[in-house]
Number of protein chains: 2
Amino acid sequence: MQETLTRDGTVPLHTQIAEALRVQIQNDQFKENLPSERELAERYAVSRMTVRQALQKLRLEGLIYNERGVGTFVNNRKIDVHTRNLNGFSEEMISLGLRPSSLVLTFRRELAGPDVMRDLGLGAGAEVFYLERLRLADDEPMAFEKTYLPAYLFPKLDKFDLTKNSLYRVLGENYDSRMHHAEEVLEAAAAPKRIAEQLGVRGGAPVLVVHRVVFTESHQPIESAHTIYRADRYRATFYLSKNA
Amino acid sequence: MQETLTRDGTVPLHTQIAEALRVQIQNDQFKENLPSERELAERYAVSRMTVRQALQKLRLEGLIYNERGVGTFVNNRKIDVHTRNLNGFSEEMISLGLRPSSLVLTFRRELAGPDVMRDLGLGAGAEVFYLERLRLADDEPMAFEKTYLPAYLFPKLDKFDLTKNSLYRVLGENYDSRMHHAEEVLEAAAAPKRIAEQLGVRGGAPVLVVHRVVFTESHQPIESAHTIYRADRYRATFYLSKNA
DNA sequence: TAGTGGTCTAGACCACTAT
DNA sequence: TAGTGGTCTAGACCACTAG
C-alpha cells in the first residue's frame, strides 16, 4: 500500500504523516502496534528520519509510545491532553464531547495594568483590548475568562463580533497572527463572589485558575488570559516526558 | 573553540550537547542569541541534525526559541517549568530555591483499591506499597502526598529508609526502575480536615491536587501518586508547543 | 537470527530575515 | 547577498527483543 502526500511544500511531510496516523489511531486502524518506522517510510515514500519526526510529535502528546527493539504502540489509556488543545476553549470542549458556547460580558479598550504589561511585553501607557467571557459547555457554565490583547497589534479588533467568531480565528484570518506556543501557570483558588455567581457555584468554592500567555512563532506575546474553571467540572491533563 | 564530548556510546551526543548548552544558558554565557546550528555542529564536531535534536529538547522546555531566518534565542522569562522536574519533589523545590524535606506518615503494604488497580494496570487482589508523606519546603508544609507502588515490582521495598533516601533513587538504584514519562491530571479542591491540619491551613482551604502516573521506558506504570499542594504556596508551570 | 527503535552522518534545497 | 532555521534524503551502526 502506497500512501500519497502533498509535496508542494506548503505542509511539511512529517506533519501530514502525523495527522494521517492520528486519524488512523482514532479509528482503531491499528490494533495496538503501529507499522515499523521502516515500513512507514516505504509506505509514505519518505526517509525514515521524516517518519521519526512525525512519530515524535505523537509521542510527545502521549498518543503513542515506543519500546526499544520491539515496536511502536498506541497508548490505550484514553487521556485527553490539555496540551493538545493549544487551539482554544471551543476545540477542547469538542474533544471532550461537549458543546461549547460563549457569553461576552465585557469588551473594551483600556490602559494595560502592570501584570498585563509584563506578560505582553508592553511599555507604560500601552493599551490593550479587554475581553471578559463566560464559557459554557452544554449550556452549563464551565469557566470565566479574562483576556488581554495588545491594542497596537490588533487595530479595530472591536469591530468583530466575538460572540459568533472564535477569537483565534479572527486573529489568524484578519491579522495573520497565529499561536505557536504558550506558557501556562495553573493554581487552585477560592472563587470570588462575582465570579462564583457567574459560574453558578457558591462563593469560595474551589476553582482551577489557568493563566496563559500565548506567543507567535517569533516569540511575540499576543494574548494573556486568565481562565477560571469550575473545579467540579474541569481537570487539566498533561503528558510529561524525559524527552521534553 | 572545539568542545569534546564523551563518545563511548553511554550517553547520546545530543543529550550531552543539550546539558552543556543548558549550563551555559544558566550562566548567561550567551547574551541572548545562541550560536547558529551550523556553528554548534562544528564546535561539537557533530552533524547538524544532532545539534537540532539537542536544541529541540531545550525548545520543548521553553528554555529557548527559534526565529526562522534569524537565529536561536534564550527565553528571558524566568519560568520554572513543572514539566522539567520529572525527577520528583526534591529536585523541583531545589530548582525553586527552596530546601526540601519529608516526613513519612505511613508506609505499609496493602490491597490495591479499584482506582489504583486501574492506574497501575494491576489485577484483582494485587498488592501495593502505600506511602504517605508530608512534603516540606524550608521547613514549612508544601504538600501532602499519597503514593502507590506495585508490590510485585519492588519486593522488600519496606526495607529502605525513605526518610533519608529519595524514592526515585531507591527505585532506580535497587530495582533498575527509572521514570521515563508520566501522565498528570491537575484539579482544584477544598482541603479535607485531616489534610488541612497536616498542611497547616484551615479546613476547606483551596489546594491544587496533582495526580501523577509514572511509566518506565517500556510504558510499565511504576507509581501512582496524589500530591496535594497548598494553593498559597504552589503553582504549576507548563510550556505548551504546537510542535508537541 | 531477524527485526526494531535509538542514534548519527554528510550532505541538500527551501523560505525567510537582515544588510 | 549571506546567513539562518525548517525540512528532507539515503544511508549507517548500535543495543535491544523476540522466536
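Every chain is numbered from 1 and lettered A, B, ... according to where its sequence line falls, protein lines coming before strand lines. The structure presented is a predicted model; accordingly, all values stated were derived computationally and were not measured.
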Once you apply the 3.5 Å cut-off to both distances, tell me the Watson-Crick or G-U wobble partner of C/dC13, or none. D/dG6

Taking the basic N atoms (NZ, or NE/NH1/NH2) and the acidic carboxylate oxygens, is any pair closer than 4.0 Å for A/Arg178 and A/Asp176?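 A/Asp176 and A/Arg178: salt-bridged.
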
Can we say B/Arg43 and B/Glu3 salt-bridge, meaning some charged N sits less than 4.0 Å from an Asp/Glu carboxylate O? no

Check whether the ring centres of B/His219 and B/His180 lie less than 6.0 Å apart, and answer yes or no.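 No, too far apart.
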
Determine whether the aromatic ring centres of B/Phe154 and B/Phe129 lie less than 6.0 Å apart. no

Toward the 5' end of DNA chain D, which comes first, A/Val70 or B/Asn66, by nearest nucleotide?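 So the residue in question is B/Asn66.
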
Starting at the 5' end of DNA chain D, which residue's closest nucleotide do you reach first, A/Glu67 or B/Pro35?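 The residue whose closest nucleotide sits nearer the 5' end is B/Pro35.
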
Going 5' to 3' along DNA chain C, between which two nucleotides do contacts with chain A fall, using a heavy-atom cut-off of 4.0 Å?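 Result: C/dG3 to C/dC8.
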
Once you apply a heavy-atom cut-off of 4.0 Å, does B/Leu55 come out as touching a base, just sugar-phosphate, or nothing?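 Answer is nothing: B/Leu55 stays at 4.0 Å or more from every strand.
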
Polar side chain donor-acceptor pair, A/Thr6 to A/Asp8, under 3.5 angstrom: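 Looking only at side-chain atoms, A/Asp8 and A/Thr6 do not form any donor-acceptor pair under 3.5 Å.
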
Rounded to the nearest 0.5 Å, the OG1 atom of B/Thr216 sits from the NE2 atom of B/His181 at a distance of 7.0 Å

